[in-house]
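These notes concern the structure reproduced below.
Indexing begins at 1, ligand by ligand and atom by atom, following the structure's order. The structure presented is a predicted model; accordingly, all values stated were derived computationally and were not measured. Each residue takes its place number in the sequence, starting with 1.
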Amino acid sequence: MVETLNNAGKPPVSEIWKKRHTAAHVMAQAVLEMFPDAKFAIGPPIEDGFYYDFDLSRSLTPEDLVQIESRMKRIRRDDFPLSRTERDRAEAVAYEEGRGQEYKAELIRDLPEGETISYYTQGPFTDLCRGPHVESTGQIGVFKLDHLAGAYWRGDEKRPQLQRIYGVLFDTKEELDAYYVRLEEAKKRDHKVLGKQLKLFMTSPLVGAGLPLWLPKGATIRRVLERYITDVELASGYDHVYTPQIAKKDLYVKSGHWEHYKDSMFPVMKIDDEEFVLRPMNCPHHIQIYANEMHSYRDLPIRIAELATQNRFEKSGELSGLSRVRAMTLNDAHIFCTEEQVKEEVKQCVLLVEKAYRRLGITEYTYRLSLHDPTNTEKYVDNPALWEKAEGELREVFTDLGLPYYEGVGEAAFYGPKIDIQLKNVLGKEETVSTVQVDRHLPKQFDLGYIREDSQTHQPVMIHRGVISTMERMVAFLIEHYAGVFPTWLAPLQVIILPIVDRHKEYAEIVKTKLAEAGFRVEVDARNEKVGKKVAEAETQKIPYMLVVGDRDIEGGTVSVRLHGGADLGAMSQEDFLSRLREETKA
Ligand code: TSB
Ligand code: ZN
């Protein structure tokens with residue numbers, strides 16, 4: 001099943017989509033009433049609403065939003081019908097230039113030859129637009145102008161900065177209200193908020209933006225994940241290696257990163273006569289390991305894996321908590337295989353992702369086939385045959401595995417297409433987490449080979465894959481997914497023992513030692529506080545198990561078990577509790 005989705009991941013022409021789109025036009029009409037010399041950039045419908053980018057003579061204030069909103073309501077009451085007209089390219093450019101709409105003129109000039117150029121008019125307002133729309137401005141539904149943001153024209157920092165107004169829009173007032181309730185709930189799950197509250201990670205202005213520091217509890221979650229995925233990989237035929245985070249610039253010139261990926265790299269470090277860079281990807285290092293010896297077809301596939309730290313110069317406006325950072329550790333591997341092995345290896349990678357997701361409790365995700373954009377030769381290596389073959393292979397993998405997917409043009413890596421696994425964060429924003437990529441470019445650049453049955457040297461194919469992505473992005477996702485209430489196997493602290501009064505502390509320590517020796521993460525809260533207070537604090541720390549111990553527990557050799565969230569399991573022998581923990585945390 002192939003679905004074509006637009007950028008926000010929704011089918012393009014649902015009714016609500018049309019309403020949101022028309023509302024963007026209504027907003028533009030209202031803005032034009034207030035600012036007759038306003039220039040318009042783009043104004044699309046988006047998940048939950050719409051936005052429009054404007055170039056205005058002054059900065060907008062929250063009071064302006066109130067005014068724009070009430071003008072929009074008037075335009076909704078006026079119920080102007082929307083009508084569609086077409087213009088040819090020259091006519092359309094002249095029209096936009098004539099009315100001072102230089103951004104629109106630029107958009108038209110950039111449209112591919114032969115594309116129909118259409119306009120939509122409502123009352124006194126006309127806008128360049130592909131449509132479709134609802135029939136009249138009275139039908140746009142219930143909306144609220146939500147917030148303002150800055151946005152560069154065409155997302156390019158070197159171009160003018162525009163003012164973006166975001167609106168939220170639903171069919172009914174109930175849905176709009178429900179959206180804001182959901183948003184409030186979501187904010188409480190935000191990994192940046194919980195990360196601070198649960199002491200998982202921090203940032204420091206002296207270290208720099210996008211360079212998170214993992215605190216002991218966050219580091220524990222990460223270590224558990226790293227051990228889990230390393231064990232799974234070792235059992236699946238991967239060899240784990242360690243390689244450095246820097247290399248000579250020449251390595252990346254040879255790989256093509258310098259040509260196609262330079263904008264995402266930290267600048268060169270010059271020492272004596274040599275130039276080094278921080279690696280933005282680990283592939284070239286793993287390639288050196290592959291090329292360290294000659295291989296025969298009997299050795300293939302060779303799967304080189306590493307929890308590899310890499311650095312990317314992400315734009316400061318795009319950084320976000322742990323999910324988009326500048327220093328990250330990727331659960332990376334590069335598989336070197338024969339042409340005949342490509343599809344099977346890709347499938348095994350996809351199945352490995354599914355296995356890991358089951359373990360992590362991730363159930364909602366979508367597959368994206370990330371394709372190159374043939375018109376963008378700056379971003380993608382120019383080799384049409386290579387793209388056609390690899391993109392075809394990935395389509396076949398989806399068909400063979402019977403997986404639904406959608407296509408994303410311009411989402412490929414510079415060296416090859418990808419199967420990307422998309423998860424939604426708590427605010428509904430889609431992010432790429434896992435990825436499997438097919439590449440015949442890097443093997444060519446590095447002149448890689450292996451000897452086949454015919455005694456000739458052939459070129460291996462490379463598969464790049466990240467099963468649980470970067471530790472940063474995965475932990476960001478898991479914090480939000482579990483709202484900080486991690487399953488016991490992942491929880492930084494699994495058990496807290498709460499002695500009721502002083503004389504129970506010794507017994508608490510004995511229980512602690514027993515659980516710790518069995519490999520569990522356990523602490524005693526030995527403070528002289530009321531046990532009720534200790535329970536309340538353990539609740540806010542979202543610790544899965546609280547063991548209250550008092551006189552009767554000491555007598556009977558038991559522990560009184562409480563679960564996070566309040567359930568009271570009563571007294572249990574130490575052995576029974578240990579078996580319960582073992583059972584619950586086993587893979
Ligand atoms: C899989 N060379 C391949 C590798 O072999 C590679 O680097 N692919 S990637 O560019 O797509 O990155 C892999 C994954 O890293 C992405 O799917 C994404 O989940 C994660 N990632 C990318 N950029 C960031 C970032 N700035 N912060 C956190 N995680 C990131
Ligand atoms: Zn790679």
* Contact with ligand 1 for Cys283, non-hydrogen, under 4.0 angstrom -> yes
* **Identity and distance of the protein heavy atom lying nearest atom 17 (O) of ligand 1** => Val433 O, 3.0 Å
* Which bit of Asn282 is near ligand 1, meaning a heavy atom under 4.0 Å away: side chain, backbone, both or neither? -> neither
* Asked: Can the ring centres of Tyr52 and Phe54 be said to be less than 6.0 Å apart?
  -> yes
* Asked: Among His464, Lys418, Arg312, Arg465, whose heavy atom sits nearest atom 6 (C) of ligand 1?
  -> Arg312
* To do: Report the name of the N/O/S atom of His464 located nearest to the Zn ion (ligand 2).
  => ND1
* Centroid separation His257 to Tyr252 less than 6.0 Å -> yes
* If you have a sec, work out which protein heavy atom is nearest atom 1 (C) of ligand 1 and how many Å separate them, to one decimal? => Asp332 OD1, 3.4 Å
* Tyr415 to ligand 1, any heavy atom closer than 4.0 Å -> yes
* Asked: Can Gln437 be said to touch ligand 1, with heavy atoms closer than 4.0 Å?
  -> yes
* Metal check, the Zn ion (ligand 2) vs His334 N/O/S, cut-off below 2.8 Å -> yes
* Geometric class of the His441/Phe414 ring pair [parallel <30°, tilted 30-60°, perpendicular >60°] -> perpendicular
* Nearest heavy atom to atom 24 (C) of ligand 1: which of Met328, Met281, Gln422 does it belong to? -> Met328
* Asked: Mind checking whether His334 and Tyr290 have ring centres under 6.0 Å apart?
  -> no
* For ligand 1, the portion of Thr432 having any non-hydrogen atom under 4.0 Å away -> both
* Asked: How are the rings of His481 and Phe477 set to each other: parallel, tilted or perpendicular (split at 30° and 60°)?
  -> parallel
* **4.0 Å heavy-atom contact, Gly210 with ligand 1** => no
